[in-house]
Structures are given as structure tokens and as C-alpha cells.
J.: 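First the structure, then my questions, so here it is.
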Amino acid sequence: MKFVNQPVRKKDAMALVTGKPVYVDDLAPKDCLVVKVLRSPHAHAVIKEIKTDIAKKLPGIACVLTYADVPQNRFTMAGQTYPEPSPYDRLILDKRVRFVGDAVAIVAGETEKAVDKAMKTIKVTYEVLEPILDFRKAKDNPILIHPEDDWKALCPVGADNKRNLCACGLEEHGDVDKVFAECDVVVENTYHTKANQQTMMETFRTYTQMDTYGRLNIISSTQVPFHVRRILATALDIPKSKIRVIKPRIGGGFGAKQTVVAEVYPAIVTLKTGRPAKIIYTREESLIASTPRHEMEIDVRIGAMQDGTIRAISVNTLSNTGAFGEHGPTTVGLSGHKSIPLYSKAEAFRFAYDVVYTNHMSAGAYRGYGATQGIFAVESAINELAARLDIDPVALREKNMTTEGDVMHAYYGEQTNSCALDRCLQRTAELIGWKEKFPARVMENGKIRSVGIAMAMQGSGIPNLDTGAVTIKLNDDGFYALSIGASDMGTGCDTILAQMAADCLDCSVDDIIVHGVDTDISPYDCGSYASSTTYVTGTATVKACETLINKMKQYAADKMDCDVEALEFDGEKVYNLKTGESITRKDLGNMNMCAATETMVATEAHCSPVSPPPFMAGAAEVEIDTETGDIKLVDYVAVVDCGTVINPNLARVQVEGGLVQGIGMALHEDIVYNQYGSLAGNSLMQYKIPTRLDMGQLRVEFESSYEPTGPFGAKSIGEIVINTPSPAIAHAVYNATGVRVTELPITPEKIVMGMQPK
């Protein structure tokens, strides 16, 4: 391999560092209408009257829309493959508002100043209703978040709007109760993870326009262009053929842009006015009216024998989907499916869950997608079990962890074809100095330093569902054009797919140009989510290159008047093994421009029946002031098994970025609502994310395995990297102070208050 497993520079690197106009707002026409949304001040209310007459008459105002002016088709904003598991519970604008920040009216004008002035003149009369703000009280509550009769669920996920249930389910393997009864020790605890914001640098933004042919063009910062087309067609009640979606460069997504948060508002304005329109969410809007991580409360029971053999695991998850059900039925599954299988040698497991509606901001997709919450709970319980049994937490994991060849009953019954988790754990312990530092030591300054550890797994796409496709074309003079449907959101997928193609075609990466997503011309791809791009779309790339090579050889065989079996392709030419006669790649491309009867184009798609999990181990070293509870992260070590690493530089950045987000979840980030359902942290002054000073030292290594079903042996890496910091840091806090923090974030107050009884 010349390019796979090499630190190739990103295709768009120079455009970014030189400040080229590549983002949505750079590309929007200067005469775009400015679109803003008037939002509800109440957590739960019914609109009795909206007076917009003054706003409509103001200079510079082109459009003011209420629920009476827009289609009333129920839809979901979740970017998922059709039929979506998420219920159809939204309208563009609804008479009922369900959280503080819910959309009430859409205003579009020539300038931002004109729109702001118009929004202040809109008078809304509400009938204020009692909200449900505690998700523990939502199920079967007489207050209904969605009492409407046209609410519907397309998939059987256990949803029932008359019970405030977005989803529910139960899965079991083995005789769980019998095995628990036979265990020497049963550890049981409840863990609470709050909602977290993705806080990508580029907020939600979209501009829309009608093209020459009367079609609605959507230029949006989105991870799911093809899903955007379907969702908007449903919401706007127009054919999909009338919509074209183009994805420019994305300034970060982390799952937030797997939900169609903003696109519908300028789209309806453009349909109504015929004029280009754009919406740019403020940071406040992105914090109060977006789709953060699902809040979850997870009850975990683990049964084991005195020698440390884990025999049974039970996980019961209560998930808060908020006002709408985007991603609710699917995120909750990962809380069990990506945590329990870490210990697949257990004889029995039970996984039960409820996903409930509340009058909080709607939750959605965020890197880790439910696995993050479940792994915090299960790995914390494993560390508690180690303390109860007085066994080293590393040794306990080594005895029970999933290894290559194991059948993971809680992971859809899949068998591990590739697993270096044992080596990841061993190397992590070595790097952090586990034997020397565990559990804790008192420093000269009186502070305590301690270490904690955790493991994680994720997936590589959604098996039997996720589809990735690419088209590759040989052009005149012999260069290639690679058209993909996956959305590069800063991860570098345009680059790694080009690396794979370059090795398949035995050419330079510079010989391949890459086209981003345009739903009119790109091959269908479900989008960039579920850790699918490298594994699923990468395999499609390999298949397309193989097909193109065969086409080139057949074309050359026709020109040479020989059998195709006699030909080989070395990247530069197709040559006859017997005669030595050859045609260069450049000549093939040019010849195909004249009197051609066959195009030198190949399109291939891929959908995998399995989703091989990447694995990792992470260890944290913290320093704690026991008088104040102040906690400082000193060192974090992560060792990852993602199969073959396609681009070490990009993979390392993925790991480091995910670790920082996990550190933020563990120590800083907290979504707090007041008694009226209003969000307290509506700016980055209140909602704290870690800075470079908060990270400590980050050290990343890779342990290679070879996944036979993946391109070049690769698995995913995008999501798994966020999952270990919370349980590892919580473990370190316990080792230093004896305080077992079960609710995130881990704050100095919780540490000090937890130490008081001791």
C-alpha cells in the first residue's frame, strides 16, 4: 500500500488555511432574504391568537408565516433511512408549542435589522399549559406532550403518544434472574447523564433558492443531504424531484447536523416568495433550539463470582427525547448494545428501555449516539465491582472482556472477526503507569493524584441498512474523478476515500479529484453518521475501482484485438502479458472521448450485513484538592483498535477531538433548566466546554487488527473515541476520594459534598 496507512494531507487543507469561501454563508447570494424564527417563551402552551399585521407592513419585510400559512404534514427531522424509526410528530409550525424555544412564526426580510424589528411587533396570545419537566414522571402522565391524532410511528418501536412514549423495548439472553441468584456478588447502581451540546464551530445554517427550472435548491451545512431532500419533500408537501440538496464544506457536525434543524425555514420562505433566503442560527439558538445528546438515567446490575467471573448484566435505560422524537428510538438501543457486549462472556443479559417525551428541547444525535451514556454506566459499575471484590480493575477486565471469536449476543448476535481490545487495555495500562500509580498517591503539595480506567466499543455503520456508494470516472488525459454521497464534515472522508482509490488504481492521490455531495449527481449515500463512512463507503470505493479497472481492460482488449484475460493494469498502462503491447491510462482516457460505445465510469454501492466494532481503552490521571474538590486532568491515554488505520494523522485528530468532547462531558458541560423549562446556559459563557488548558496531556496510540469485511482491513473510528473519559475520570475520582460520582458532570461541589460523610 502506497497511500493507505499514510499521513496524506487533506484534500481541502489549503482552501481552509488560506480562508477560501467554502462554507454556506460564504456562498449565499448577497441579496438573500434574512430568515429568523420567533420562538416560544413557554415550555408548554397552545397558541390562541397571533397578530402579524404590523410586522407584514414594516419596510423590508418580505414574508411573515404562522401555522396557518404552512403545510400541516407531520414529519420527523431525524436524518435516518426510510422508513425512519423516529415518529412523525412535527409540523413546520404548530399551534401547540412544546418547549421554550419552539418555533412560533417565521419572518423573512431584506436585512437582519428589519427582521428583528418585525419580530418585536408580533403579538402572540398563549394558553399556558402545565409542562412535564422531569422525565422520570413522563411515562403514563395525564399531561400529554403529543395528544394529536395525526401523530404516527412508521416502525414498530414501542411508541405510544398517548403514554408519552417515543419507544420502549426489552431484550434478554439466558435465564437472567436465575444466574443473578447464583452470583456471589451483585453490584447495582443508577447513573445519570445530562444532555450535552455538540457545540460545533459552525452553527446551523442553510440558504435556499429557486433555480431556472423551478426547482428548490438547498445549500446546507448537513451530514445527510439525501435525507434532507426526503424530509423537506414530506414537510413542504412537494415531490422529491423538485428538490436539490448541495453540501458545501461543513464547519463541524458531531451528529447535530444529522437532524434537519434549520433547513425547512428558508425553504418555505423561498417557496412562498420565489426569492433566495438564508437562515444563520446564532449561538444562543444553537444552544436552546437544537438537538443535544439524550439525557439518560441508567440502572445497572452486574452479578459475579468471588473470583471475578462476571455472569450476568442488566441494563435498564430511561431516555429523555424532549419535545420531539428525533433519534429517540435508536440512540437508546446503543446504551445497551454497545456496553453489555464488552463483556460477552457473561452467561445472561437483560436490556430494557423507555424513551419518553418531555417539555425540554428535543434531543438528537451526538457522537457516541447513546453508547456514551451506556458505557459510562456499565464501566462505572465494573469499576465498582472490582472494588467490592478487591480485584485490580485491569485484571477484572482481562478476565471478562470480549476477545476475537466471541459471539456478542447483546450486539445483534455478531461474532468478533477482529479484536485487539486485550492489547489496547494492556498498552493503556503501561502508558499510564497503572502498576505504579493505582489507586492513588498523595503529592508533596497535599493534593491526591489517582488513575482510572475504562473500555469502549462502537460499530461500523448500521448492518443490513446503511448504504454507501461512489462513482469513479476516467477522464481525458487519464485523471480520475471520484464522486461520493458521504458528507465530509471535517473528518477528512474525501481524503481517505481518495487514498483507498489511489491504492486500488495504483496512482497518486493527486490524480484523483473528489466531488462533494449534490443529490442531483452524486450516487446515493445515507450520509455521514453511525461511524459508517470509512467502512461502508470505503468498501463501495474499492468495489468501484475494481469495476473501473475491468472496464478499462475490456476497452483496451477491444482496441488491441485480444482477450481481456491476457491483459494487466499497472496503474499507468494496460499491457498484454504475452506481446508486451500496451495502452497508457492517458491514451485510454483520450481514446474514450471519440467514437466511444462504453463509458469509463463505474458506480458501486455497498451495504454490510455486519457492523464490526472498533474497540479502545482509556485511562485518566487526575489531581484533586480534597479541601475544595478542585479536579485537574493531568494525563489521558487512549489506545484504539480501528482495524487498519487509513490515515494516521486524521485518525489521531479524530481520537484527540473525541477525547476532549468526552472530557467536557465528564467535567464541565451541564444543561440546566429552571422551574419553568427555560434553559440557563444559552451561551458559551454559561455552557462550559473544555479549552486547551483543561485537557492535560493527551496521548494516543493504535493497536492494529485486520477486519476481513472492511476495506483494507479497516473499521470505524469516528464515534468510539468519546466514550471512555467519563467512566475513567469518575473511576479516578473514586480512587482519590472514595466518592463515587454517578451523575455527570463531575464537579468540585459533588466531590466535596460526597466526602462530607467520610
Side-chain angles (χ1 to χ4, degrees), residues 12 21-29 32-37 75-80 84 90 92 103 106 108 198 200-211 215-236 238 240-271 273 275-283 285-286 289-291 326-327 364-365 484-491 493-494 515-522 524-529 533:
D12 56 0
V22 295
Y23 298 101
V24 169
D25 202 25
D26 300 327
L27 304 175
C32 262
L33 292 175
V34 175
V35 179
K36 291 197 174 188
V37 177
F75 66 101
T76 176
M77 287 185 176
Q80 298 174 303
E84 304 96 328
R90 273 192 186 267
I92 299 172
I106 304 167
Q198 296 90 346
M200 58 280 173
M201 288 295 289
E202 182 195 36
T203 60
F204 301 98
R205 52 196 60 199
T206 298
Y207 93 80
T208 56
Q209 62 186 17
M210 303 301 293
D211 67 17
R215 299 176 70 226
L216 179 63
N217 286 197
I218 313 289
I219 297 82
S220 183
S221 181
T222 178
Q223 298 171 222
V224 286
F226 286 93
H227 293 334
V228 170
R229 182 176 66 184
R230 182 187 68 249
I231 291 166
L232 290 187
T234 301
L236 299 170
I238 60 176
K240 294 185 185 71
S241 60
K242 293 293 186 181
I243 300 176
R244 178 187 186 185
V245 181
I246 300 170
K247 178 211 73 77
R249 186 63 168 74
I250 302 178
F254 310 119
K257 295 171 184 175
Q258 192 192 337
T259 305
V260 185
V261 172
E263 286 85 345
V264 71
Y265 303 120
I268 189 67
V269 167
T270 293
L271 281 181
T273 65
R275 295 184 56 184
K278 73 175 180 180
I279 190 166
I280 306 292
Y281 269 41
T282 63
R283 180 59 62 183
E285 283 182 296
S286 288
S290 57
T291 54
E326 279 92 11
H327 304 281
I484 65 175
S487 296
D488 192 329
M489 52 178 164
T491 53
C493 76
D494 289 359
H515 290 289
V517 191
D518 179 335
T519 57
D520 273 9
I521 59 175
S522 300
Y524 176 82
D525 193 294
C526 59
S528 293
Y529 62 89
T533 306

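We use all heavy atoms of the structure for the numbers below, so side chains are in, but hydrogens, waters and symmetry mates are not. Model, not experiment: these values are computed from the prediction.
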J.: If we ignore angles and hydrogens, is there a donor and acceptor under 3.5 Å between the side chains of Ser528 and Ser487?
T.: no
J.: Are any side-chain N or O atoms of Asp518 and backbone N or O atoms of Ser522, one a donor and one an acceptor, separated by less than 3.5 Å?
T.: no
J.: Run the side chain to side chain contact (heavy atoms under 4.5 Å, CB included) check on Ile238 and Leu271 step by step: do they pass?
T.: CA-CA 10 Å; Ile238 60 176; Leu271 281 181; 4.2 Å; yes
J.: Of all residues at least two apart in sequence or in a different chain, which pass the side-chain contact (heavy atoms from CB on, under 4.5 Å) check with Thr282?
T.: Glu284, Glu285
J.: Just so I know, are the side chains of Tyr529 and His227 near enough to count as touching, which here means a heavy-atom distance under 4.5 Å?
T.: yes
J.: Grab the two heavy atoms, one from Ser290 and one from Phe204, that are nearest each other, plus how far apart they are.
T.: CB-CE1, 3.5 Å
J.: Working to the nearest 0.5 angstrom, can you tell me the gap between Leu232 CG and Met77 CE?
T.: 9.0 Å
J.: Please examine the side chains of Val517 and Ile246, heavy atoms only from C-beta on, and report whether any two atoms are closer than 4.5 Å.
T.: no
J.: Whether the side chain of Asn217 engages the backbone of Arg244 through a donor-acceptor N/O pair (distance < 3.5 Å, no angle test) should be reported.
T.: no
J.: So among Arg205, Arg249, Glu202, which one has a side chain to side chain donor-acceptor pair (under 3.5 Å) with Ser221?
T.: Glu202
J.: Just verifying a value: how many Å separate Leu33 CG and Thr270 OG1, rounded to the nearest 0.5 Å?
T.: 7.0 Å
J.: Taking the side chain from Thr203 and the backbone from Tyr281, do they hold a donor-acceptor pair closer than 3.5 Å?
T.: yes
J.: Do you know the tightest heavy-atom contact between Cys493 and Ile484?
T.: SG-CD1, 4.4 Å
J.: Is there side-chain contact between Ile268 and Leu236, with at least one heavy-atom pair below 4.5 Å?
T.: yes
J.: Using a 4.5 Å cut-off on heavy atoms from C-beta on, say whether the side chain of Val224 contacts that of Ile231.
T.: no
J.: State which residues pass salt bridge (Lys or Arg N to Asp or Glu O under 4.0 Å) with Asp494; sequence neighbours excluded, sorted by chain then number.
T.: none
J.: For the side chain of Asp25 and the backbone of Ala28, is there at least one donor-acceptor N/O pair under 3.5 Å apart?
T.: no
J.: Does Lys247 use its side chain to pair, donor to acceptor, with the backbone of Asp488 at less than 3.5 Å?
T.: yes
J.: Under a 3.5 Å cutoff, is there a donor and acceptor pairing between the side chains of His327 and Thr259?
T.: yes
J.: To the nearest 0.5 angstrom, please state how far the CD atom of Gln223 sits from the CE atom of Met200.
T.: 9.0 Å
J.: Please examine the side chains of Thr291 and Val261, heavy atoms only from C-beta on, and report whether any two atoms are closer than 4.5 Å.
T.: yes
J.: Let me confirm one number: the OH-CD distance from Tyr207 to Glu263, rounded to the nearest 0.5 Å.
T.: 14.0 Å
J.: Would you say the side chains of Thr208 and Lys278 form a donor-acceptor pair under 3.5 Å?
T.: no
J.: When rounded to the nearest 0.5 angstrom, what distance separates CG in Asp525 from OG1 in Thr519?
T.: 12.5 Å
J.: Minimum heavy-atom separation for Ala103 and Ile92, please, with both atom names.
T.: CB-O, 4.5 Å
J.: Locate the shortest heavy-atom distance separating Pro266 from Val35; write the atom from each residue and the value.
T.: CA-CG2, 4.1 Å
J.: With sequence neighbours left out, write down each residue that passes salt bridge (Lys or Arg N to Asp or Glu O under 4.0 Å) with Arg230, or none if nothing qualifies.
T.: Glu84
J.: On a heavy-atom basis, which atom in Val24 and which in Pro248 lie closest, and how many Å separate them?
T.: CG2-CG, 3.5 Å
J.: Under a 4.5 Å cut-off applied to non-hydrogen side-chain atoms, are Gln258 and Glu326 in contact?
T.: no
J.: Between the side chain of Lys257 and the main-chain N/O of Gly252, is any donor-acceptor distance below 3.5 Å?
T.: yes
J.: Within the structure provided, determine whether Met210 and Leu216 are in side-chain contact (heavy-atom separation under 4.5 Å).
T.: yes
J.: How close do Ile218 and Ala267 get, heavy atom to heavy atom, and via which atoms?
T.: CD1-CB, 4.1 Å
